[in-house]
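Just below is one structure, and these are the notes that go with it.
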Amino acid sequence: MSSQTAPGNGKIKIAPSILSADLWQLGNQVDQVRQAGADWLHIDVMDGHFVPNLSFGPATVKSLKGRAQLPLDVHLMVQEPVKFIEAFAKAGADLLTVHIEAENAKEALLKIKELGVKTGLSIKPDTDPQAVEPFLPLLDLVLVMTVQPGFGGQGFLPGSPAQISTVWQLIHKSGRPVYVEVDGGINAQTAAQAAQAGADVFVAGNAIFAADNPAQALADIRQAAQRAAQI
Ligand code: DX5
Ligand code: ZN
């Protein structure tokens, strides 16, 4: 799949996920990945209900806004996203992604748009990717989960390339510039598989923040994805 024909803007984007950062060092680690060329910063929000874990809230987004000097890509793994959209928009989210499996996803997307924030819709690994089609006119991004959401450090699920490819085809057919983001178990090897299937935004937590050299890990993911996208 040529990067020229990718549905987003054709450029590979890398979004390190702070779920795997050392919170004692958060500012330094964000500076480090920005200097290494990170495009966006991915912030995972969990409510202990939609997923069996808890993580960050609007206060985290507010602290990072401006100081991170990167667009803030906020992934809401919450059962009732409508309740929280305004707080995250006010805190400075640049992109807000909700899950199609959550309550009132359409209402949440309309609210995100109304607040002038970019919209994302995510599907879990067992969700039929065709389900995103009616939402495409509202979307800037589709996030294909490549692990079961809730925890960092899991392995990329083997069914993921087929999910990504279906989403890519639906977006391509729609003619709209919608990013295909992948999240979960992304490293240089799996980024290549995902890029070949049509992904253009790569979230990586453990592969970057747990690496001995995060800057090198980020560069390796980008290079692998760029090469695979040109095949
Ligand atoms: C998982 C989160 C991911 C997580 C990915 O539910 O949505 O963003 O940080 O972590 P890795 O890259 O370690 O799989
Ligand atoms: Zn995420």
Side-chain angles (χ1 to χ4, degrees), residues 12-23 26 29-30 33 36 38-57 60-61 64 68 70-79 81 84 88 93-102 118-127 140-161 163-164 167 179-195 199-212 214 216-222 224-225:
I12 297 292
K13 296 198 185 297
I14 310 292
S17 168
I18 61 164
L19 191 62
S20 299
D22 173 357
L23 295 184
L26 186 59
Q29 294 202 334
V30 170
V33 294
D39 299 281
W40 298 350
L41 198 64
H42 187 83
I43 303 167
D44 287 305
V45 176
M46 306 183 187
D47 65 351
H49 187 43
F50 185 78
V51 289
N53 197 5
L54 294 164
S55 57
F56 307 117
T60 308
V61 174
L64 289 164
L70 287 170
L72 303 179
D73 167 26
V74 178
H75 177 192
L76 299 179
M77 285 163 275
V78 303
Q79 190 62 31
F84 301 104
F88 281 102
D94 294 283
L95 189 143
L96 275 166
T97 295
V98 298
H99 270 263
I100 198 167
E101 305 88 357
K118 293 206 181 312
T119 54
L121 184 65
S122 184
I123 54 168
K124 295 207 277 187
D126 301 328
T127 298
D140 295 298
L141 176 146
V142 175
L143 168 53
V144 178
M145 285 307 301
T146 46
V147 298
Q148 293 296 347
F151 298 91
Q154 306 179 71
F156 183 83
L157 290 168
S160 302
Q163 296 278 97
I164 298 161
V167 167
Y179 290 110
V180 182
E181 182 176 55
V182 285
D183 184 7
I186 297 296
N187 54 38
Q189 286 73 41
T190 57
Q193 294 176 44
D200 52 5
V201 184
F202 300 79
V203 175
N206 251 43
I208 292 178
F209 288 113
D212 290 338
Q216 187 61 49
L218 195 153
D220 290 346
I221 293 169
R222 188 191 301 284

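Heavy-atom basis, side chains included; hydrogens, waters and symmetry copies ignored. As the structure lists them, so they are numbered: ligands from 1, and atoms in each ligand from 1.
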I'd like to check whether G184 has a polar contact with ligand 1, where a contact means an N/O of the residue lying under 3.5 Å from an N/O of the ligand. no
For F202 and A194, which heavy atoms make the closest approach, and how far apart are they? CE2-CB, 3.9 Å
For atom 14 (O) of ligand 1, grab the closest protein heavy atom and report residue, atom and distance to one decimal in Å. G185 N, 2.8 Å
For M77, counting its heavy atoms only, list the atoms of ligand 1 lying under 4.0 Å from any of them. 6 (O), 7 (O)
Between Q189 and A224 (side chain of the first, backbone of the second, donor and acceptor by atom type, cut-off under 3.5 Å), is there such a pair? no
Contact region, S17 to ligand 1, non-hydrogen atoms below 4.0 Å, reads side chain
Judged by non-hydrogen atoms, does A207 sit under 4.0 Å from ligand 1? no
Atom pair CD/CD of Q79 and E101 - distance to nearest 0.5 Å: 9.5 Å
Report yes if some N/O of N206 lies less than 3.5 Å from some N/O of ligand 1; otherwise report no. yes
From Q193 CD over to F156 CZ, what is the distance, rounded to the nearest 0.5 angstrom? 5.0 Å
Looking at L143, V142, V182, which hits side chain to side chain contact (heavy atoms under 4.5 Å, CB included) with V167? V142
Distance col, row M145:CE vs K124:NZ, nearest 0.5 angstrom, shows 9.5 Å
I'd like to know whether NZ of K118 has more than 12 heavy-atom contacts from other residues, nucleotides or ligands below 6.0 angstrom. no
If you leave out waters, which protein N, O or S atoms are less than 2.8 Å from the Zn ion (ligand 2)? H42 NE2, D44 OD1, H75 ND1, D183 OD2
Does an N or O anywhere in G153 fall below 3.5 Å from an N or O of ligand 1? yes
Check the side chains of D73 and H75 for a donor-acceptor pair under 3.5 angstrom, ignoring hydrogens and angles. no
Report yes or no: does a heavy atom of D183 sit under 4.0 Å from some atom of ligand 1? yes
Any F151 heavy atom less than 4.0 Å from ligand 1: yes
Contacting atoms of ligand 1, where contact means under 4.0 angstrom from a heavy atom of H42: 8 (O)
Specify the protein heavy atom at minimum distance from atom 10 (O) of ligand 1: its residue, its atom name, and the distance to 0.1 Å. G152 CA, 3.5 Å
With atoms numbered from 1 as shown, which atoms in ligand 1 lie under 4.0 angstrom from a non-hydrogen atom of P149? 6 (O)
For ligand 1, which atoms have a heavy atom of D44 less than 4.0 angstrom away? 2 (C), 3 (C), 4 (C), 7 (O), 8 (O), 9 (O)
Taking distance alone, with no angle check, do M145 and ligand 1 share an N/O pair under 3.5 Å? no
By side chain to side chain contact (heavy atoms under 4.5 Å, CB included) - contacts of P52 (at least two apart): F151
Closest heavy-atom contact between F88 and G57? CE2-C, 3.5 Å
Against heavy atoms of A204, which atoms of ligand 1 measure under 4.0 Å? 12 (O)
In the structure I gave you, are the side-chain heavy atoms of V61 and V45 within less than 4.5 Å of one another anywhere? no
List every atom of ligand 1 that sits less than 4.0 Å from any heavy atom of L19, numbering the atoms from 1 in the order shown and giving each element. 4 (C), 9 (O)
Protein residue, atom and distance nearest to atom 6 (O) of ligand 1, heavy-atom basis: G150 N, 2.7 Å
Please report which non-hydrogen protein atom sits nearest to atom 12 (O) of ligand 1, along with the residue it belongs to and the distance in Å to one decimal place. G205 N, 2.8 Å
Closest heavy-atom pair, A204 versus I186, reported as atoms and distance to 0.1 Å, is CB-O, 3.8 Å
Is it true that the side chains of N206 and Q154 contain a donor and an acceptor less than 3.5 Å apart? no
In terms of atom number and element, which parts of ligand 1 are under 4.0 angstrom from non-hydrogen atoms of H75? 7 (O)
Please answer whether the main-chain N or O of D183 pairs with a side-chain N or O of T146 as donor and acceptor at a distance below 3.5 Å. yes
Would V203 count as being in polar contact with ligand 1, using the rule that some N or O on each side must be under 3.5 angstrom apart? no
If you take all heavy atoms of D39 and I12, which pair is closest and at what distance? OD2-O, 3.9 Å
Closest heavy-atom pair and its distance - V203, S17: CG1-CB, 3.8 Å
